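See below for the structure under consideration.
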Amino acid sequence: QVTLHVVVSASYENTALSNLQANGVDLSRVELLVRPNDSIWTRDYGPWFVFDGAGELSVIDHTYNRPWRPNDNLIPVYFAQQQGLPVYSHDMYHTGGNYMTDGAHISSSTELVYDEAGSANGMTAAEVDQLMLDYYGVEQYHVLEYIENGGIHHIDTWAKFLDEETVLMKQVWASHWTYATLEQRATLVASLTASTGRHYRVHRVYCHNIGGNYPASYTNSLILNDHIYVPLFGDSPYDEDAIAAYQEAAPGYTVRGYVYSGWLTDDALHCRAKGVMDRGMLRVEHTPIRED
């Protein structure tokens with residue numbers, strides 16, 4: 001349905017094309033960005049898109065919060081050059097896995113953004129909020145506390161905007177160390193006001209134990225046009241329930257699941273892919289009618 005942009009280093013270009021073709025991908029819909037890269041986490045280092053003051057699609061190039069991956073950090077600039085898009089860069093540390101936006105001037109991250117901008121850039125929380133407004137048009141930035149002491153602290157490991165006022169959040173078993181915190185966060189998010197002027201509707205997806213007391217990362221999905229692609233973990237009853245949770249929370253979307261042995265509790269489909277804005281899109285802003 002779309003053009004598939006693939007970041008690949010020159011030494012793996014032929015292998016990448018062979019693998020895509022072997023999996024039934026129409027290579028006429030594939031566009032390679034052949035540049036050195038350091039990792040598979042396109043979500044974290046890839047370009048962020050905005051419509052600038054003139055209404056033109058532009059790329060914002062944040063400073064990737066993994067300075068030991070310098071090649072990844074350059075990919076947004078190379079992509080913008082390839083696509084003929086303006087690019088604006090800033091020095092503040094950030095990462096795509098720790099950024100959700102509703103497309104209507106409200107965004108959310110965990111406090112990782114404040115912590116890293118403070119330690120790496122010497123910025124206060126107020127300065128971070130101002131940068132998010134200046135570069136991304138974020139008028140209200142919901143920065144939430146961590147759900148656990150360790151880990152990568154990316155918000156996409158436990159919550160996801162499905163539209164301007166619907167959030168899907170992880171739910172775990174009662175004995176898990178994040179259970180109480182996740183329940184508190186769900187209550188908190190449900191109390192916040194969305195861009196529609198109403199409170200967020202919070203839906204839950206149960207994330208079962210995939211081993212070692214680590215929950216499945218069903219929230220780590222990809223929305224692309226009218227499709228939602230969900231990582232599955234090979235446990236049919238739980239996978240089916242996850243698909244059903246998305247269908248209930250996002251009616252009208254085609255929801256598809258993909259089983260892969262390499263999905264982790266904090267690294268799945270959303271972490272490894274990201275959508276590219278359609279420069280010809282029409283933006284429609286309205287407040288949906290709700291029956292409740």
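All values reported here derive from a predicted model rather than from experimental measurement.
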If we count only N and O atoms by modelled type, under 3.5 Å, do the side chains of Y136 and H90 hold a donor and an acceptor together? yes
Nearest heavy-atom approach of H105 to G137 is ND1-O, 3.0 Å
In chain order, what residues pass the side-chain hydrogen bond (donor to acceptor under 3.5 Å, both in side chains) check against Y114, with sequence neighbours excluded? D129
Applying side chain to side chain contact (heavy atoms under 4.5 Å, CB included) to Q140 and not counting sequence neighbours gives I106, H142
Quick one: does any side-chain atom of N225 pair with a main-chain N or O of H227 as donor and acceptor, under 3.5 Å? no
Side-chain donor/acceptor pairs under 3.5 Å, residues 210-217, sequence neighbours excluded:
| unit_1 | atom_1 | unit_2 | atom_2 | d |
| --- | --- | --- | --- | --- |
| N213 | OD1 | N209 | ND2 | 3.3 |
| S217 | OG | L264 | O | 2.7 |

Please list every donor-acceptor pair under 3.5 Å in which a side-chain atom of residues 242-257 meets a protein atom from a residue at least two apart or in another chain.
| unit_1 | atom_1 | unit_2 | atom_2 | d |
| --- | --- | --- | --- | --- |
| Y246 | OH | Y218 | O | 2.6 |
| Y246 | OH | S221 | OG | 2.7 |

Examine distances only and state if a side-chain atom of D239 and a backbone atom of G234 form a donor-acceptor pair shorter than 3.5 Å. yes
Measure across I147 and T181 and return the closest heavy-atom pair with its distance rounded to 0.1 Å. CA-CG2, 3.5 Å
Roughly how far, to the nearest 0.5 Å, is the CG atom of L222 from the CG atom of D156? 11.0 Å
Is V77 linked to V50 within one hydrophobic cluster, defined over Ile, Leu, Val, Met, Phe, Trp and Tyr using a side-chain heavy-atom separation of less than 4.5 Å? no
Work out which heavy atom in D102 is nearest to a heavy atom in A104; give both atom names and the distance. OD1-N, 2.7 Å
Could you give me the CA-CA distance, side-chain angles and deciding distance for L57 and Q83, then say whether side chain to side chain contact (heavy atoms under 4.5 Å, CB included) is met? CA-CA 11 Å; L57 182 65; Q83 301 301 314; over 6 Å; no
Strictly distance-based, threshold 3.5 Å: is any side-chain N or O of N220 a donor or acceptor partner for the main-chain N or O of P231? no
Hydrophobic clustering (ILVMFWY, side-chain heavy atoms < 4.5 Å, transitive) - are V2 and V59 grouped together? no
How about Y99 and W48: are their ring centroids closer than 6.0 Å? yes
If you look at every heavy atom in K274 and P47, which pair is closest and at what distance? NZ-O, 2.7 Å
Students often mix this up, so state it plainly: with edges at 30° and 60°, are the rings of Y229 and Y258 parallel, tilted or perpendicular? tilted
CE of M100 to OG1 of T110, rounded to nearest 0.5 Å, is 10.5 Å
If hydrophobic residues (ILVMFWY) are linked whenever their side-chain heavy atoms come closer than 4.5 Å, directly or via other members, who joins L17 in its cluster? L4, V6, V8, Y12, L20, V25, L27, V30, L32, V34
Stepwise side chain to side chain donor-acceptor pair (under 3.5 Å) check, Y146 with D115: CA-CA 11 Å; Y146 300 141; D115 289 347; 2.6 Å; yes
Residues two or more places apart in sequence or in another chain: which of them pass side chain to side chain contact (heavy atoms under 4.5 Å, CB included) with D235? H208, P237, Y238
One should read off an interatomic distance between H153 NE2 and E116 CD, to the nearest 0.5 angstrom, of 9.5 Å
Residue set satisfying salt bridge (Lys or Arg N to Asp or Glu O under 4.0 Å) with R35, at least two apart, ordered chain then number -> none
Residue pair Y93 / P67, side-chain heavy-atom distance below 4.5 Å: yes
Closest heavy-atom pair, G262 versus R272, reported as atoms and distance to 0.1 Å, is O-NH2, 3.1 Å
The criterion is side chain to side chain contact (heavy atoms under 4.5 Å, CB included); which residues satisfy it with T157, sequence neighbours excluded? I152, H154, D266
Could you measure the distance from the CG atom of N65 to the CG atom of N121? Nearest 0.5 Å is fine. 10.5 Å
Rounded to the nearest 0.5 Å, what separation is found between the OG1 atom of T63 and the CG atom of D91? 5.0 Å
Give me each pair satisfying ring-ring contact (aromatic ring centres under 6.0 Å, His included) with a member in residues 178-202, each pair once, sequence neighbours excluded. F161-Y200
Given side chain to side chain contact (heavy atoms under 4.5 Å, CB included), test R204 with L182 step by step and report yes or no. CA-CA 10 Å; R204 308 300 298 276; L182 282 169; 4.3 Å; yes
Assigning hydrophobic clusters by single linkage (Ile, Leu, Val, Met, Phe, Trp, Tyr; side-chain heavy-atom cutoff under 4.5 Å), is M169 placed with W173? yes
Evaluate the side chain to side chain contact (heavy atoms under 4.5 Å, CB included) criterion for residues M92 and M132: first the C-alpha distance (whole Å), next the side-chain angles of each, then the deciding distance (0.1 Å), finally the verdict. CA-CA 10 Å; M92 190 185 84; M132 296 302 293; 4.0 Å; yes
The complete set of ring-ring contact (aromatic ring centres under 6.0 Å, His included) pairs with one or both residues in residues 28-47, sequence neighbours excluded, reads Y45-Y64
Is there a path from L144 to L162 through hydrophobic residues (I, L, V, M, F, W, Y) whose side chains come within less than 4.5 Å of each other? yes
4.5 Å side-chain heavy-atom contact, R185 and E145: yes
Does CG in D226 sit with more than 12 non-hydrogen atoms of other residues, nucleotides or ligands closer than 6.0 Å? yes
Which atoms form the tightest heavy-atom contact between H94 and S109, and what is the distance? CE1-OG, 3.7 Å
Can I155 be reached from V128 by stepping across I, L, V, M, F, W or Y side chains whose heavy atoms are under 4.5 Å apart? no
Walk me through it: do M123 and Q130 pass the test side chain to side chain contact (heavy atoms under 4.5 Å, CB included)? CA-CA 10 Å; M123 299 174 66; Q130 187 64 49; over 6 Å; no
Quick check: does any side chain N or O of T95 sit under 3.5 Å from a backbone N or O of N98, one acting as donor and the other as acceptor? no
N/O donor-acceptor pair under 3.5 Å between D38 side chain and N71 backbone: yes
How far does NE2 of H270 sit from OG1 of T42, to the nearest 0.5 angstrom? 11.5 Å
Derivation and outcome, side chain to side chain donor-acceptor pair (under 3.5 Å), residues T166 and D163: CA-CA 5 Å; T166 307; D163 61 28; 2.8 Å; yes
Within residues 43-70 or reaching into it, pairs that qualify as salt bridge (Lys or Arg N to Asp or Glu O under 4.0 Å) - sequence neighbours excluded: none
Can you list everything that forms a ring-ring contact (aromatic ring centres under 6.0 Å, His included) with H5? Sequence neighbours excluded, please. F79
